[in-house]
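The structure under discussion appears below in the form of structure tokens.
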Amino acid sequence: MFSLARLQCFVAVAEELHFGRAAERLHMTQPPLSRQVQQLESELGVQLIDRTTRTVTLTPAGAAFLPDARRILQLAEGAAQTVKRIPAGDLGTVVVGFTAASAHAVLPRLLERARERLPDVKLDLREMVTAAQIEGLMTGELDLGMARPPLKRPGLVSRPLLHEQLVAALPAGHPLADLPRQLTLTDLDGQDVIMYSPVQARYFNELLISTFTIAGATPRYVQYVTQVHTMLVLVRSGIGIALVPASAATMHPEGVAFRTIGAFRERPVELDAVWRGDSTNPALLRLLKDVLPQQEWTE
């Protein structure tokens with residue numbers, strides 16, 4: 001198989017149609033240049049260049065081979081440039097896990113910044129609850145998670161991405177939806193409330209139980225579900241009230257009214273970026289540095 005160096009010699013001679021100029025272009029002398037072209041012809045079993053004492057011309061075979069030779073050299077150069085970009089994190093893939101609720105709060109911002117700052121890094125998105133994300137990180141299925149704390153597993157590193165408030169989602173026409181004052185947690189005492197699953201949505205389940213306990217409110221839990229969008233469907237159906245992250249209001253579900261709740265602990269809902277501290281994926285490290293810098297995401 002011919003070498004790239006011999007292809008470069010042939011292309012230079014074919015384009016200059018002069019061995020002297022081609023040798024200068026390649027920063028070499030004429031004898032080794034001529035030998036490289038002759039060896040290429042020998043390997044191909046065909047004459048590529050007609051040489052006389054006064055002229056250099058391409059044979060029909062040489063003219064036909066020239067476009068392919070150029071293309072091979074361009075592909076080789078492109079491959080070399082591509083492989084150099086991988087260790088720097090300019091090119092590659094990051095597998096990202098996210099919860100359904102975080103898709104509305106963080107994912108659009110993440111994708112927009114990634115397109116702007118690392119356009120050649122592919123984000124492979126996987127919707128997963130927090131527990132599944134942690135397992136995916138531990139097994140190597142995921143590079144990055146956007147999950148709810150606590151995230152205490154050996155080898156994992158986390159960083160706050162978002163803090164937001166909980167708001168009440170009520171069926172349109174519900175008496176509390178039109179109350180002429182700000183809602184309080186005690187307004188939910190005795191009300192039908194759609195609750196988060198204690199297993200699949202443990203973070204929100206424990207957050208609401210502690211919040212209601214501190215406020216002295218005892219709602220009636222009428223359904224246990226995992227995903228925020230499922231809660232909003234049940235709210236719209238009149239099943240009950242739900243407490244959801246404020247970003248859920250961006251979904252604009254028909255038939256659902258959102259109300260803020262007074263005397264609530266400030267922005268109690270937390271979402272963290274989490275990854276393996278021993279990750280060697282250069283694209284992940286660049287994503288954390290250029291797309292998810294801590295000082296910009298915790299403001």
Side-chain angles (χ1 to χ4, degrees), residues 1-96 107 109-126 140-144 273 275-276 278-293 296:
M1 177 60 68
F2 49 79
S3 68
L4 293 178
R6 288 171 189 163
L7 278 186
Q8 288 176 323
C9 291
F10 164 70
V11 170
V13 173
E15 291 178 347
E16 299 291 344
L17 293 178
H18 191 283
F19 275 86
R21 289 193 298 269
E24 290 179 6
R25 172 172 153 182
L26 296 176
H27 306 289
M28 59 192 304
T29 59
Q30 289 188 46
L33 172 63
S34 181
R35 284 196 298 272
Q36 291 280 8
V37 173
Q38 290 172 352
Q39 288 171 346
L40 176 63
E41 290 174 323
S42 176
E43 289 167 345
L44 293 174
V46 64
Q47 184 177 353
L48 300 174
I49 295 174
D50 274 331
R51 312 162 181 80
T52 70
T53 56
R54 303 182 61 182
T55 63
V56 174
T57 58
L58 291 177
T59 67
F65 183 59
L66 180 59
D68 287 336
R70 286 173 173 151
R71 186 160 49 250
I72 291 169
L73 291 175
Q74 289 170 352
L75 287 172
E77 176 62 23
Q81 293 302 319
T82 294
V83 78
K84 289 177 182 177
R85 297 177 66 196
I86 292 176
D90 293 328
L91 188 70
T93 299
V94 180
V95 184
V96 181
L107 202 54
R109 187 179 177 192
L110 170 68
L111 294 176
E112 181 181 1
R113 287 191 175 200
R115 283 193 296 267
E116 290 176 353
R117 303 179 184 187
L118 294 173
D120 295 322
V121 170
K122 176 185 176 183
L123 299 187
D124 186 350
L125 303 175
R126 311 280 177 87
E141 177 187 354
L142 295 182
D143 294 306
L144 176 70
W275 65 96
R276 288 179 62 120
D278 61 357
S279 175
T280 58
N281 183 345
L284 169 65
L285 303 181
R286 280 295 300 277
L287 189 78
L288 292 170
K289 176 178 179 291
D290 294 345
V291 178
L292 295 174
E296 294 184 22

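Computed from heavy atoms alone, side chains included, the values below leave out hydrogens, waters and symmetry copies. Computed from a predicted model, the values in this text were never measured in an experiment.
Separating the CG atom in L58 from the CG atom in L66 is a distance of 6.5 Å, to the nearest 0.5 Å. With rounding to the nearest 0.5 Å, the separation of CD in Q8 from CG in L40 is 12.0 Å. In this structure, L48 CG and Q38 CD are separated by 11.5 Å, a value rounded to the nearest 0.5 Å. Residue N281 holds its CG atom at 9.5 Å from CG of L287, rounded to the nearest 0.5 Å. One finds the CG atom of L17 at 8.0 Å from the CD1 atom of I49 (value rounded to the nearest 0.5 Å). Rounded to the nearest 0.5 angstrom, D143 CG and D124 CG are separated by 9.0 Å.
Here the side chains of Q36 and Q39 are in contact, with some heavy-atom distance below 4.5 Å. For the pair V96/L142, no side-chain contact is recorded, criterion being any heavy-atom separation below 4.5 Å from C-beta on. Put simply, the side chain of E16 does not reach to within 4.5 Å of the side chain of E24, judged on heavy atoms. No side-chain heavy atom of V95 sits under 4.5 Å from any side-chain heavy atom of L123. Looking only at side-chain heavy atoms (C-beta outward), R286 and R117 stay at 4.5 Å or farther from each other. The closest side-chain heavy-atom distance from V37 to R51 is below 4.5 Å.
Taking all atoms of both residues into account, the shortest heavy-atom contact from M28 to L33 is CE-N, 3.7 Å. Here the shortest heavy-atom pairing between L26 and C9 reads CD1-CA, 3.8 Å.
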Item to complete: Would you check, one step at a time, whether the test side-chain contact (heavy atoms from CB on, under 4.5 Å) holds for R115 with E112?
Response: CA-CA 5 Å; R115 283 193 296 267; E112 181 181 1; 4.1 Å; yes

Fill in: Stepwise side-chain contact (heavy atoms from CB on, under 4.5 Å) check, V94 with K122
CA-CA 6 Å; V94 180; K122 176 185 176 183; over 6 Å; no

Item to complete: Evaluate side-chain contact (heavy atoms from CB on, under 4.5 Å) for L125 paired with L107, printing each intermediate quantity in order.
Response: CA-CA 10 Å; L125 303 175; L107 202 54; 4.1 Å; yes

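For the pair R35 and E41, the salt-bridge criterion is not met [side-chain N within less than 4.0 Å of a carboxylate O]. D68 has no carboxylate O lying under 4.0 Å from a charged side-chain N of R70, or vice versa, which leaves the two without a salt bridge.
If you run side chain to side chain contact (heavy atoms under 4.5 Å, CB included) between F65 and each of T59, L7, V46, only L7 comes through.
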